[in-house]
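Quick caveat: nothing in here was measured; it's all calculated off a predicted structure.
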2 protein chains.
Amino acid sequence: MGSAAVRDRMLAAGQRITRQRDEVVDALERARRPLAAREICDAVAESNPDVGRATVFRTLHALAAAGIVQRVTLAGGRPGYLLCEAEGHHHHLVCTSCGRTIDLPESAVTPFLTGVEEAHGFTVDHSSFDVHGRCASCR
Amino acid sequence: MGSAAVRDRMLAAGQRITRQRDEVVDALERARRPLAAREICDAVAESNPDVGRATVFRTLHALAAAGIVQRVTLAGGRPGYLLCEAEGHHHHLVCTSCGRTIDLPESAVTPFLTGVEEAHGFTVDHSSFDVHGRCASCR
DNA sequence: TGTATAGTGATACACTGTCTCAGTTTCGGG
DNA sequence: CCCGAAACTGAGACAGTGTATCACTATACA
Ligand SMILES: [Zn+2]
Ligand SMILES: [Zn+2]
Ligand SMILES: [Zn+2]
Ligand SMILES: [Zn+2]
């Protein structure tokens, strides 16, 4: 696994460390930007052609459940997977130019959601924001 | 077309009114909640089995371009299509219990996005929020 | 009514994702 | 270090989403 922290979080979630999961994490670490499922399959197949597609999806699911990977929406509306330093659920700004992402601190999001809940009598269970644009270095 | 307003907006966008597009709008009007592409295809096929799948997708694209239909994310992450009273791009709260949606006024969203832009030197081109939870009447 | 052009249906294709099932691997305990 | 329960895997089938092509048709507008 990429790091001991990642390893521990997988084990803590009752999940096992396998060769295949290593490959998926490695692919995401090398990219340092969100990848489409297809890109992950291709990257993994390059170092180990025997890894099945189903395993890649299962791994992404397991990594997301452990809070290691976040599912984001790429420009064009297609889903992508992102390996994050930050732990737990959070939101991202996605640069349409360089493809990199910026973590959005929860402190910026919580007041907004609270306001929405109060204004509409709505209880938020889950939220995910797709914010696309240009990062500071791409302007 | 469902209403004269919808008809005019299609024409204003250089788009034509066809029997097939009528069926799609009717299906969405009857549902009064976001529908998956598959559900729309099924509903349309019920009243006119000769409408092709490709046409349904093209119609949804055309309706979205005219601001008549909004693409939202259903519980489970699957895409859905919603016929909105409100014109133009806006965001929604989606109730995981009854499936209905609540329009989020831009006045609630703009300050949040402006704050994000200022805090990160980011220029927002497009945003879409998936907010799932329970509406006032489902609690 | 005529006509430029937008729209259509069939079909093929690519991507995302789930499920099953028999066989394999991992991890923790003894 | 070995064992076994349980997690994991690969293959393959299946379903949904969405785009592209192309010959044909219908619409809007003058
Ligand atoms: Zn992140
Ligand atoms: Zn950038
Ligand atoms: Zn709306
Ligand atoms: Zn509700």
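Summary of the strand contacts: A:E39 and B:A62 both lie near DNA chain C, and taking for each the nucleotide with the nearest heavy atom, the more 5' one is attributed to B:A62.
In this entry the distance linking CD1 of B:I40 with P of D:dG18 reads 9 Å, nearest Å. Rounded to an integer number of Å, the gap from CG of A:D50 to P of C:dG23 is 18 Å. Taking atom CG on A:D22 and atom P on C:dT25, their separation rounds to 16 Å, with Å as the unit. In this structure, CZ of B:R58 is placed 12 Å from C1' of D:dG18, rounded to the nearest angstrom. Between the P atom of D:dT9 and the CG atom of A:L60 lies a distance of 11 Å, rounded to the nearest Å. Across the protein-nucleic acid pair, B:M10 atom CE and D:dC29 atom P stand 13 Å apart, rounded to whole Å. Summarising the geometry, the separation between CZ on A:F57 and C1' on C:dT18 is reported as 10 Å, rounded to the nearest angstrom.
Over its length, the helix from C:dT1-D:dA30 to C:dG30-D:dC1 turns its helix axis by 40°, as judged from the five terminal pairs at each end, rounded to 10°.
For the 3.5 Å distance criterion, the side chains of A:S128 and B:H132 fail to qualify, holding no donor opposite an acceptor. Residues A:S47 and A:E23 bring a donor and an acceptor atom of their side chains to less than 3.5 Å of each other. A donor atom on one side chain and an acceptor atom on the other are not found under 3.5 Å apart for B:T73 and B:R78. For the 3.5 Å distance criterion, the side chains of A:H91 and A:S127 qualify, holding a donor opposite an acceptor.
In this structure, A:R134 does not pair ionically with B:E117, as no charged nitrogen and carboxylate oxygen lie closer than 4.0 Å. At a threshold of 4.0 Å, the pair A:R33-A:E39 counts as salt-bridged, since one of the basic side-chain nitrogens sits closer than that to a carboxylate oxygen.
Dashed line: the shortest gap from a side-chain N or O of B:Q20 to OP1 or OP2 of C:dG9 is under 4.0 Å. Look at B:R71 and you'll find a side-chain N or O under 4.0 angstrom from OP1 or OP2 of D:dG18. The shortest distance between the side-chain N/O atoms of A:T18 and the OP1/OP2 oxygens of C:dT26 is not below 4.0 Å.
More than 12 heavy atoms of other shown residues, nucleotides or ligands fall within 6.0 angstrom of atom CZ in A:R139.
Ranking D:dG10, D:dA28, D:dG16 by closeness to the B:L11 side chain, first place goes to D:dA28. Nearest to the side-chain atoms of A:R16 among the listed nucleotides C:dT25, C:dG17, C:dG9 stands C:dT25. Side-chain proximity of B:A54 to the nucleotides C:dG7, C:dT11, C:dC27 is greatest for C:dT11.
Between A:F129 and B:F112, the two ring planes are perpendicular [angle over 60°; tilted spans 30° to 60°].
Residue A:R53 places a side-chain atom within donor-acceptor reach of the base of C:dG17, judged by atom type and a 3.5 Å distance cut-off alone. On a pure distance criterion of 3.5 Å, no polar donor-acceptor pair joins the side chain of B:R38 and the base of D:dT17. Looking at B:R19, its side chain has no donor and acceptor atom pair within 3.5 Å of the base of C:dG7.
When each of A:L82, A:I102, A:V131, A:D130 is checked for a side-chain contact (heavy atoms from CB on, under 4.5 Å) with A:H92, only A:L82 meets the rule.
Heavy-atom distances under 4.0 Å link DNA chain D to B:P79, B:Y81 of residues 72-81 of chain B, given in residue order.
Nearest heavy-atom pair, A:G77 versus B:R71, reported as atom, atom and distance to 0.1 Å: O-NH1, 4.3 Å.
Nucleic acid contact class of A:A37 (heavy atoms, under 4.0 Å, all strands): sugar-phosphate only.
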